[in-house]
Colleague: 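First the structure, then my questions, so here it is.
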Amino acid sequence: MNKYGKTEILQKMEEEGVEFIRLQFTDMFGGFKNIAVPASRLMKVLENNCTIDCASLDGFANGAEEYLYLKPDLDTFAILPWRPQNGKVARFLCDICREDGSEYEFSPRWILKKSLEKAAAMGYAFQVNPECEFFLFHTDDNGLATTLTHEKAGYLDTSPVDLGENTRRDIILTLEKMGYEIESSHHEIAPAQHEIDFSFEDALGTADKLMTFKMTVRTIAKRYGLHATFMPKPRKEINGSGMHLNMRLIKDGKNVFTDENGEISRAGEAFIAGIFQHISGMTAILNPLVNSYKRLVPGFEAPSDVTWSHMQRNALIRVCRKRNGSVDLELRSPDAASNPYLAFALCLEAGLYGIQKGLEAPAELKEDIRKMSCEEKQERGIQTLPENLGKALEAMHQDPLLRDVLGEAYVSVYGRAKREEWKSYLAQVTEWEISQYLYRM
């Protein structure tokens, strides 16, 4: 059942005094874009007649197609609480389509919807719950971002040590005004690092909320004179920020990851095996930045090896038994720089591939992998994640499942742009290189 219809939206905008409408969409790299139109153009919006010039949007221009149409999802209508009370601003999240109404294949939201429809045809519904970590850093005298903080707080600390508590509170109150269900929030391990957790919801609704969540966090932080960043590894000496992805697969009202004894089911293990088989290529999407791989190194909390476990927090996938007897799977490698629509689609399709093919997961890791040598890992056949963006991109191009889910053209355009990013990074001379070699060579 739809949350909003055209009549309800018209009435709501008139009652609230909405003056502007933002039409928001996500580009292929996970960037949040929008155009703003006055409320007087609402009927044009609702008739899908608002266009964007995609010639200047990286990855969107496709041959002769310069203009695309924004198709608002009426259920995503919301009034932005941080905008002025006089002359309020509302928004819609939009699908992208051509003039004839057909879906645009470079739209990440359409890619996820297509995967969810495929799962639904098999009787499955996919629910996710991301754990988003971010840093709150000081800004300089010009209001520009820094990586500085006076905070010394650690995991689950409270005020006055946790200097970001008030900011985090206002972020949550703002999200709740927009209809979010927030499970919890807390200070994370590193100084100035925070986490806010959602409730489980269908994958499309969660991806939509994640995009709005990141915008909201940055907006409220700026009010406090802080800079919020989801950069995976802004400082080398501390833990980076991830987006742990908790997953459930529902069929006939039951979580298929759970067997009759409340343990992980055969289907759950096959889902893990499917993700493991494709994780190298998926990493180019789940960890899309050069900086992402500074987080995925041994010695910190993020996983660098392909393992699963009930107890070991450094495992790539952790099996979480709930008090109600249900089992969830937590994928711990993604970071919030990833495009959530693509990340969710790939996790779902890779897992379903494992179930369809009856794949077997490797043996559970029961010891601390940080105490194992490289030789021990090799003897046990433990795979490692790609160690940089270049290797992840190579794996992505070699994986037929990714080309099928994302589309050949999408993989080609995305890969070309990311290879340029990787080449640009390789051409840099870093401070580490100067300090190591300048006086010795």
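Residue numbers count from 1 along this sequence.
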Colleague: Before we go on, tell me: are the rings of Phe213 and Phe198 under 6.0 Å apart, centre to centre?
Modeller: yes

Colleague: Does Asn239 use its side chain to pair, donor to acceptor, with the backbone of Glu301 at less than 3.5 Å?
Modeller: yes

Colleague: Are Met122 and Ile355 packed together at the side-chain level, in the sense that at least one heavy-atom pair is separated by less than 4.5 angstrom?
Modeller: no

Colleague: Could you tell me how the ring of Tyr155 sits relative to the ring of His186: parallel (under 30°), tilted (30 to 60°) or perpendicular (over 60°)?
Modeller: perpendicular

Colleague: Distance-only, no hydrogens or angles: does the Lys418 side chain make a donor-acceptor pair with backbone N or O of Leu389 under 3.5 Å?
Modeller: no

Colleague: Are Phe257 and Phe271 near enough that their ring centres are under 6.0 Å apart?
Modeller: yes

Colleague: Please tell me if the side chains of Phe230 and Asp335 come closer than 4.5 Å, counting only heavy atoms from C-beta onward.
Modeller: no

Colleague: Is there side-chain contact between Lys209 and Glu201, with at least one heavy-atom pair below 4.5 Å?
Modeller: yes

Colleague: Just by modelled atom types, is the Leu136 backbone N or O under 3.5 Å from a matching donor or acceptor in the His194 side chain?
Modeller: no

Colleague: Does the side chain of Glu15 pick up a donor-acceptor pair with the side chain of Gln11 at under 3.5 Å?
Modeller: yes

Colleague: Answer yes or no on whether Lys233 is positioned over the face of Phe300, meaning its NZ or CZ is under 6.0 Å from the six-membered ring centre and within 45° of the axis.
Modeller: yes

Colleague: Give a yes or no on whether a salt bridge exists between Arg223 and Asp170, defined as a side-chain N under 4.0 angstrom from a carboxylate O.
Modeller: no

Colleague: Quick one: does Ser292's side chain have a donor or acceptor within less than 3.5 Å of a partner on Leu289's backbone?
Modeller: yes

Colleague: Salt bridge between Arg98 and Glu105, side-chain N to carboxylate O under 4.0 Å?
Modeller: yes

Colleague: According to the interplanar angle, ranging from 0 to 90°, do the rings of Phe77 and Phe92 count as parallel (below 30°), tilted (30 to 60°) or perpendicular (above 60°)?
Modeller: tilted

Colleague: Could you check whether Lys251 makes a cation-pi contact with Tyr124, meaning its NZ or CZ is under 6.0 Å from the centre of the six-membered ring and within 45° of the ring axis?
Modeller: yes

Colleague: Between Thr384 and Asp305, is any pair of side-chain heavy atoms under 4.5 Å apart?
Modeller: yes

